[in-house]
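Here's the structure we're looking at; comments come further down.
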Amino acid sequence: MIEPDFSSMSKTELRAFVIAHPDNKAGFRAFVDRFTSEASPETFDIPKSNAEIEEVEILIKQKLEQLNNS
């Protein structure tokens, strides 16, 4: 089987290829590379108290509301 040109595929096409060909390692690597290269490098510490956990939950809810309203 000739490998398709993963770099020319859209994210949707690449995802569909990986779903249709779950054993294709090159396709899976291209998929992971594409999505991780576009991910935010920002990291966060693990909450250390109940107050911090509640603050994180509030921030997540606010972000979800922003995404739903845009």
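On a predicted model such as this, the values are computed, not experimentally measured, just so you know. Quick note: numbers below take in every heavy atom, side chains included, and nothing from hydrogens, waters or symmetry partners.
- F28 CZ to L14 CG: the interatomic distance, rounded to the nearest 0.5 Å, is 10.5 Å.
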Show me the donor-acceptor pairs, under 3.5 Å and distance only, between side chains in residues 56-66 and residues at least two apart or in other chains.
none

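- Annotation for P22 and I19: closest pair CD-O, 3.6 Å, computed over non-hydrogen atoms.
- Closest non-hydrogen pair, F17 versus G27, comes out as CE2-CA, 4.2 Å.
- Checked against ring-ring contact (aromatic ring centres under 6.0 Å, His included), F35 has the following partners two or more places apart in sequence or in another chain: F31.
- More than 12 heavy atoms of other residues, nucleotides or ligands lie within 6.0 Å of NZ in K48, so this atom counts as buried by the packing criterion.
- Atom CD of E52 is surrounded by more than 12 heavy atoms from other residues, nucleotides or ligands within 6.0 Å.
- Counted within 6.0 Å of CZ on R34, heavy atoms from surrounding residues, nucleotides or ligands total more than 12; the atom is thus considered enclosed.
- Taking every heavy atom of both residues into account, E3 and A26 meet most closely at OE1-CB, 3.9 Å.
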